[in-house]
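What you see is a predicted model, and the numbers here were worked out from it, not measured in a lab. Quick note: residue numbers are just sequence positions, from 1.
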Amino acid sequence: MNLHLLHTGPLSVNTYIVPISESEVIVIDASDCAFSRDEGSVVSYLASNKLVPVAVLLTHGHFDHTAGLKSLKKAYPSIPIAIHNDDSAFIGKNSSVMQSRSLSQMGFEEFLPFVEQLPEPDVFLEDGKSLADTFSSFPMSNSAKSSLAKWLILHTPGHTEGSCCLYNEEERILLSGDTVFYHSWGRTDLVGGNERKIRQSLLRIMEFCEDDTMVYSGHDGTSFVLSENY
């Protein structure tokens with residue numbers, strides 16, 4: 001599978017464009033915005049490569065993973081946005097309430113205008129469900145639905161309450177968001193963070209996923225073999 005990586009937003013998030021058919025893709029964690037001077041970069045990439053995004057997925061709700069929602073929704077008004085319910089307050093019309101708490105903790109309040117009144121979620125990610133089940137009510141090709149059936153949602157709280165990973169056992173791929181990094185894991189000192197829970201989530205991932213799974217994280221090094229983290 002040829003995942004395409006774009007670095008977006010103020011903290012250089014790894015935004016993944018995941019192919020699910022010849023022309024259809026899903027977008028993971030877009031954060032391009034005017035603050036980082038890359039607003040529209042995801043939409044531009046999709047348009048220049050004649051790709052049709054059928055969904056936007058958020059591995060969690062922090063500001064650096066959600067700032068690109070506005071430009072995507074403007075370009076593709078009907079595109080569904082998916083996030084775990086436990087992180088849903090980070091987006092939507094009242095997003096500034098939750099986002100300001102994280103930004104204040106980091107001393108980065110100047111970024112708040114870029115994550116105010118974000119688009120509302122259209123569907124929620126649920127542990128154990130496939131992406132085909134998640135987006136069953138939204139239009140897409142049969143080949144796209146077949147591809148989405150191979151992706152499983154793993155609810156992995158700890159970085160935030162609603163953090164999720166996406167696992168494709170057939171392709172041996174894990175999109176880990178900020179839960180798993182190379183020889184490390186996501187910080188737990190921000191809103192919704194919990195060190196005990198993230199350690200439990202890491203154990204679950206190591207037990208559930210195959211050892212040769214390639215991990216694609218939300219920042220920094222883009223890929224490594226899961227067993228390298230043992």
Side-chain angles (χ1 to χ4, degrees), residues 1-9 12-34 36-61 64-84 87-88 91-92 114-115 117-126 129-153 164-177 214 216-218 222-223:
M1 180 180 295
N2 294 318
L3 302 179
H4 185 79
L5 169 66
L6 297 172
H7 294 292
T8 67
S12 194
V13 162
N14 290 338
T15 295
Y16 294 103
I17 310 298
V18 182
I20 56 172
S21 76
E22 186 174 339
S23 61
E24 294 163 297
V25 298
I26 55 176
V27 179
I28 312 293
D29 291 346
S31 188
D32 51 310
C33 62
S36 47
R37 299 182 181 180
D38 60 353
E39 186 175 24
S41 60
V42 174
V43 170
S44 177
Y45 173 82
L46 296 172
S48 63
N49 288 277
K50 299 180 180 179
L51 298 173
V52 179
V54 300
V56 183
L57 276 73
L58 303 174
T59 60
H60 62 290
D64 54 322
H65 291 251
T66 58
L69 290 179
K70 289 182 181 179
S71 60
L72 273 169
K73 199 68 172 178
K74 181 178 180 180
Y76 307 99
S78 63
I79 193 171
I81 297 171
I83 190 171
H84 193 277
D87 270 18
S88 60
I91 64 175
F114 300 91
V115 284
Q117 296 188 330
L118 292 172
E120 298 285 344
D122 298 288
V123 64
F124 296 119
L125 302 174
E126 296 182 30
K129 289 185 67 173
S130 74
L131 292 186
D133 291 334
T134 302
F135 295 106
S136 60
S137 62
F138 297 93
M140 62 186 69
S141 70
N142 288 332
S143 59
K145 292 177 182 178
S146 178
S147 180
L148 287 178
K150 300 175 184 178
W151 287 96
L152 187 69
I153 300 163
C164 289
C165 297
L166 302 173
Y167 180 52
N168 187 320
E169 183 177 11
E170 181 177 307
E171 297 281 347
R172 297 291 202 270
I173 292 174
L174 181 74
L175 300 175
S176 68
M214 292 298 297
Y216 294 84
S217 59
T222 57
S223 63

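- The number of heavy-atom neighbours closer than 6.0 Å to CD of E22, taken from other residues, nucleotides and ligands shown, is 12 or below.
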Evaluate side chain to side chain contact (heavy atoms under 4.5 Å, CB included) for V52 paired with Y76, printing each intermediate quantity in order.
CA-CA 9 Å; V52 179; Y76 307 99; over 6 Å; no
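- Residues D87 and L58 fail the side-chain proximity criterion, which asks for heavy atoms closer than 4.5 Å.
- Inter-residue side-chain proximity for D122 and F138 is flagged as met; some heavy-atom pair is nearer than 4.5 Å.
- Smallest separation of non-hydrogen atoms from A30 and V42: CB-CG2, 4.1 Å.
- Shown here for S71 and V43, the closest heavy-atom pair between the two residues is O-CG2, 3.8 Å.
- The closest side-chain heavy-atom distance from W151 to V18 is below 4.5 Å.
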Decide yes or no on side chain to side chain contact (heavy atoms under 4.5 Å, CB included) for D32 and T15, but give the supporting numbers first.
CA-CA 9 Å; D32 51 310; T15 295; over 6 Å; no
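- In this structure, OG on S36 lies 13.0 Å from NE2 on H7, to the nearest 0.5 angstrom.
- Between S41 and L6, the closest heavy-atom pair is O-CD1, 4.4 Å.
- Counting heavy atoms from C-beta outward, N49 and H4 have side chains that stay 4.5 Å or more apart.
- Judged purely by atom type and a 3.5 angstrom limit, S48 uses its side chain to pair as donor or acceptor with the backbone of S44.
- Residues T134 and F124 come closest through the heavy atom pair CG2-O, 4.0 Å.
- When the options T59, N14, T66 are evaluated for a side-chain hydrogen bond (donor to acceptor under 3.5 Å, both in side chains) with D29, the one that passes is T59.
- Atom OG in S130 sits 12.0 Å away from atom NZ in K145 (nearest 0.5 Å).
- Annotation: the span from Y216 atom OH to L5 atom CG amounts to 10.0 Å, rounded to 0.5 Å.
- With 3.5 Å as the limit, one finds no donor-acceptor pair spanning the side chains of T8 and D38.
- Looking at every heavy atom in both residues, S31 comes nearest to H65 through OG-N, 4.1 Å.
- In this structure, CG in L72 is found 6.0 Å from CD1 in I79, a value given to the nearest 0.5 Å.
- A pairwise comparison of heavy atoms in S217 and S176 identifies CA-OG, 3.3 Å as the closest pair.
- Without hydrogens or angle criteria, S136 side chain to D133 main chain gives a donor-acceptor distance under 3.5 Å.
- Looking at I153 and L166, their side chains come closer than 4.5 Å, going by heavy atoms from C-beta outward.
- The 12-atom threshold is exceeded at CD of E171, counting heavy atoms of other residues, nucleotides or ligands nearer than 6.0 Å.
- To the nearest 0.5 angstrom, L118 atom CG is 12.0 Å from K73 atom NZ.
- Judged purely by atom type and a 3.5 angstrom limit, R172 uses its side chain to pair as donor or acceptor with the backbone of E169.
- We find the CD1-SG distance between I173 and C165 to be 13.5 Å, quoted to the nearest 0.5 Å.
- Checked options V54, L46, I20; the residue passing with V25 is L46 (criterion: side chain to side chain contact (heavy atoms under 4.5 Å, CB included)).
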E120 vs I81, test: side chain to side chain contact (heavy atoms under 4.5 Å, CB included). Steps then yes/no.
CA-CA 8 Å; E120 298 285 344; I81 297 171; over 6 Å; no
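- At least one donor-acceptor pair closer than 3.5 Å links the side chain of E24 to the backbone N or O of S141.
- With contacts defined as side-chain heavy-atom distances shorter than 4.5 Å, the pair P19/L3 qualifies.
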Test side chain to side chain contact (heavy atoms under 4.5 Å, CB included) on L152 and N168; report intermediate values, then the result.
CA-CA 6 Å; L152 187 69; N168 187 320; over 6 Å; no
